[in-house]
Each structure stands twice: as structure tokens, then as C-alpha cells.
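The structure appears below as C-alpha cells.
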Amino acid sequence: MARGLTFTAVGLTVLIALVLVHLTCCATTAMANLNCTASSCGNIHNISFPFRLKTDPQNCGNPWYELSCENNRTVLNGFGGKYYVEEISYNNYTIRIVDSGIQKNNYFSTPNYSLYRYNFSSQYDGYGYTTYQRKGTVPERYPELSRSLVWMSCEKPVNSSLYLDTSTCNYNDNSSSISDSKRYRYVTVGITNASQVEDSCQVEKMFLTSWPINNDDPNISCTDVHNKLVYGFELSWLYGIGICESSCGNNYSCYLDDANNVQCIHYRDLFAGFIEQSRHWWNGHYTGIEVFSLVEAIHELTGALIPY
């Protein structure tokens, strides 16, 4: 191993090593589920790997994807809250869930939990879910599965078609963190950073929705907001533990092509492409010796030959 690695370079190298070791040691998880039969609860049928119900045999499914059946509804407890499962798509590797506080026929209902993309596991976490779909091998191009719904409190009225006055929706929301009744409250769709928030406003709560919208029409109504909340949001489990291994074998990652077929890629090729794409960025932040040392370290871990 070459000398002179900085802390940041060492950290990245260790991260790669942990990913490789973690995914390799856990490759037998999917194989242990071959003799398991599918479960069902309410309108969710064919609950199978990686999912499981609490009542399933211990060797079936993955405990990180455990669901429960409560009053004939499939429940996912996680992300600091309780969510009802509306759909599991084994073709798209997605699960759609909705906040348990939302009632389909009650337009006055609001979510119990504030949630955003940062609540979910990163792509390097072998367990869990992602809010994007792994299409192709370039993370920057992964399509997002949801949009944000943002509740805001403002000192002054906002005159914008993007801001829906929640008083017109008669929401009975007592969970506001700002109790000043003189403030104006709005909801908007799609805001992703602070620069898009009006100066007199601050974010109170955030939610996710995968309800399809018309991008050409930014106007939203109370019915639109309710429909988005009732529909819920989608998460992908494609990068979860044992998924890629069950299709590709050890030491392989995977992604979906345009037809949603699983494609396999060896980790050495994946990291080689990652390093090549990041080489120019590294050259702008580290010395040539540090970059060369990091490339050497990754070559020792993966066998990837990366041109410098």
C-alpha cells in the first residue's frame, strides 16, 4: 500500500472495503428463502423476499424488510413512524407506502410524520430503501421516485400560484411547530432547497408523494394535495441486502435497464468507472501523489486496473 494517503482518501478506501465485505458475507440471504411460501395481508398479496410478515418463519424474508398485519392492513414501521403499504411491485423493485394519519375519505386528515429523502439510507447502505431507482450505472442520473410536499408558515401573505393557502382546505392540523395564529400557512409541491422558499416563510413539515402531476400546470388545489397524500410515495429496495446477489452472484452490483430487467456489473468494473469519472474532481482537490495512492489502494481491494 502506498504511503501518503490523506484522511479523506483513506476514508473512501475503507468505505469501499466495507461495501465489498458486507455484500459478500451476506450473499446467502436470498438462497435461504427458496423454500418459503408467499404471505398476504389485506389487499397486499404475494409478500415474499425480501419482505416478510412478523408471523412468517424466521428463515423467510429479510428482518430489515419485516412488515406486520394490523386490522387486515399491511404495515411498515420505520423512518420514525407507521406507514400503510399500498402496493409492492416486484417488477419495479418498489414499495408504495402512505402515512398512517391519512384517511382516504377524510379531507381534514394530515400526515402524522414529517419526512424527507434524507430520512432514508444512502446508496452505500446494504440495508434499507432509496428514494431513487437505480437505472444505469451513473448515480447522478438515477430517477427520483417521489416529490416533496412542503408545509410552510409565513409572516406575510404570499401571492403565488405555487403556494396553496391551507386555510381554504380546512385542515385541522394541531401539530404545527409554530403556534402564532397570525401567521399564514401554505403548502407547495416540489420545493427541494431553501432558495425556493419565500423570505418571510419557514418550513414546518415535509412529506413525500409519488402521485403523478402535470408539470405544465403548477397550480394545485386542496383535492390535489389530498390525492397526493392518499397515494403515498414509492421507495426502491433494489440495492438492499441480498437482492443483487440473488440475481448476479457474489461480488456483483446490479441496476435496472430501460425494460426494468436486472443487469449485473462486477464491483471492480463499477469502481473503475466511478474512479475514472471522479478522477478530474480528485485532481482538483488532492495532490497527484494522493490520487495515485488512492488508485493503488482500490486496485489492491478490487483488482480494478484504473488508468491515471
Side-chain angles (χ1 to χ4, degrees), residues 23 26-53 56 59-69 72-76 78-79 83-99 117 120-123 125-147 208-213 215 227-250 252-266 270:
L23 293 177
C26 300
T28 59
T29 302
M31 299 300 295
N33 289 266
L34 293 178
N35 297 322
C36 296
T37 58
S39 303
S40 64
C41 174
N43 64 340
I44 304 298
H45 308 288
N46 193 29
I47 299 175
S48 54
F49 180 83
F51 298 99
R52 55 169 277 117
L53 289 178
D56 287 342
N59 65 304
C60 295
N62 187 318
W64 288 87
Y65 296 91
E66 186 171 84
L67 307 173
S68 59
C69 191
N72 210 31
R73 294 200 69 173
T74 307
V75 174
L76 187 157
F79 326 121
Y83 299 86
Y84 294 126
V85 179
E86 296 297 316
E87 180 184 15
I88 298 177
S89 173
Y90 292 95
N91 293 326
N92 298 329
Y93 296 87
T94 57
I95 181 172
R96 179 162 57 88
I97 59 178
V98 62
D99 189 295
R117 295 189 181 102
F120 301 93
S121 305
S122 72
Q123 63 175 312
D125 189 346
Y127 307 112
Y129 304 86
T130 59
T131 58
Y132 53 82
Q133 188 63 282
R134 289 174 59 84
K135 291 274 191 177
T137 59
V138 182
E140 291 77 10
R141 298 177 184 174
Y142 291 161
E144 288 289 348
L145 294 171
S146 61
R147 293 169 60 83
L208 296 175
T209 180
S210 298
W211 176 263
I213 66 169
N215 290 327
N227 287 338
K228 295 175 194 297
L229 293 174
V230 168
Y231 186 81
F233 58 96
E234 293 179 340
L235 298 171
S236 171
W237 77 80
L238 178 65
Y239 208 44
I241 184 170
I243 308 303
C244 289
E245 288 78 8
S246 65
S247 299
C248 304
N250 292 356
Y252 279 84
S253 182
C254 64
Y255 61 93
L256 297 181
D257 61 18
D258 291 338
N260 276 353
N261 296 315
V262 174
Q263 300 297 322
C264 306
I265 180 171
H266 198 283
L270 181 66

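Computed from a predicted model, the values in this text were never measured in an experiment. When a residue number appears, it is its place in the shown sequence, counting from 1.
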With rounding to the nearest 0.5 Å, note down the distance linking OH in Y142 to NZ in K135.
-> 12.0 Å
Please name all residues satisfying side-chain contact (heavy atoms from CB on, under 4.5 Å) with C254, sequence neighbours left out, ordered by chain then number.
-> L238, C244, C248, V262
Between Y252 and C264, the two heavy atoms sitting closest are CD2-CB, 4.0 Å
Who pairs with D257 by side-chain contact (heavy atoms from CB on, under 4.5 Å), at least two apart in sequence or on another chain?
-> A259, N261, Q263
For F79, which residues count as a ring-ring contact (aromatic ring centres under 6.0 Å, His included) partner, sequence neighbours excluded?
-> F120, Y129
Residues N91 and N260: side-chain donor-acceptor under 3.5 angstrom | no
Could you check if a side-chain atom of P50 sits within less than 4.5 angstrom of a side-chain atom of W64, using non-hydrogen atoms only?
-> no
Below 4.5 Å, heavy atoms only, C-beta onward: do V98 and Y231 meet side chain to side chain?
-> no
Check salt bridge (Lys or Arg N to Asp or Glu O under 4.0 Å) between E234 and all other residues, then give those that pass, not counting sequence neighbours.
-> none
Find out whether Y93 and L256 are in side-chain contact, i.e. whether some heavy atom of one side chain is under 4.5 Å from a heavy atom of the other.
-> yes
F233: partners by ring-ring contact (aromatic ring centres under 6.0 Å, His included), with sequence neighbours left out = none
Which atom names give the shortest non-hydrogen contact between E66 and L53, and what distance separates them?
-> CG-C, 4.3 Å
Kindly say whether S48 contributes a backbone atom to a donor-acceptor pair with the side chain of Y90 at under 3.5 angstrom?
-> yes
Among all residues two or more places apart in sequence or in another chain, which pass the side chain to side chain donor-acceptor pair (under 3.5 Å) test with S253?
-> R134
Are side-chain heavy atoms of L67 and V85 found at a separation under 4.5 Å?
-> yes
For D258, what residues pass the side-chain contact (heavy atoms from CB on, under 4.5 Å) criterion, not counting sequence neighbours?
-> none
Taking C-beta and beyond as the side chain, do W237 and F51 meet within less than 4.5 Å on heavy atoms?
-> yes
Set of residues satisfying side chain to side chain donor-acceptor pair (under 3.5 Å) with respect to D56, sequence neighbours excluded = S39
With rounding to the nearest 0.5 Å, note down the distance linking OG1 in T130 to CD in E144.
-> 8.5 Å
C36 and N59: CA distance, side-chain angles, deciding distance, side-chain contact (heavy atoms from CB on, under 4.5 Å) verdict | CA-CA 8 Å; C36 296; N59 65 304; 3.9 Å; yes
Whether N72 side chain and G42 backbone form a donor-acceptor pair below 3.5 Å = yes
Partner set under side chain to side chain donor-acceptor pair (under 3.5 Å) for S40, not counting sequence neighbours | none
Can you name the residues that form a side-chain contact (heavy atoms from CB on, under 4.5 Å) with E87, not counting sequence neighbours?
-> R96
May I ask you to test the V75-Y84 pair for a side-chain heavy-atom distance under 4.5 Å?
-> yes
Do the side chain of S210 and the main chain of L145 share a donor and acceptor less than 3.5 angstrom apart?
-> yes
Partner set under side chain to side chain donor-acceptor pair (under 3.5 Å) for N46, not counting sequence neighbours | none
Atom CD1 in I88, atom OG1 in T74: separation rounded to 0.5 Å?
-> 6.5 Å
Closest heavy-atom pair and its distance - W211, T209 = N-OG1, 3.1 Å
Which value, rounded to the nearest 0.5 Å, describes the distance between C60 atom SG and R52 atom CZ?
-> 7.0 Å
Evaluate the criterion side-chain contact (heavy atoms from CB on, under 4.5 Å) for residue pair L235 and T94; output intermediate values, then yes/no.
-> CA-CA 5 Å; L235 298 171; T94 57; over 6 Å; no
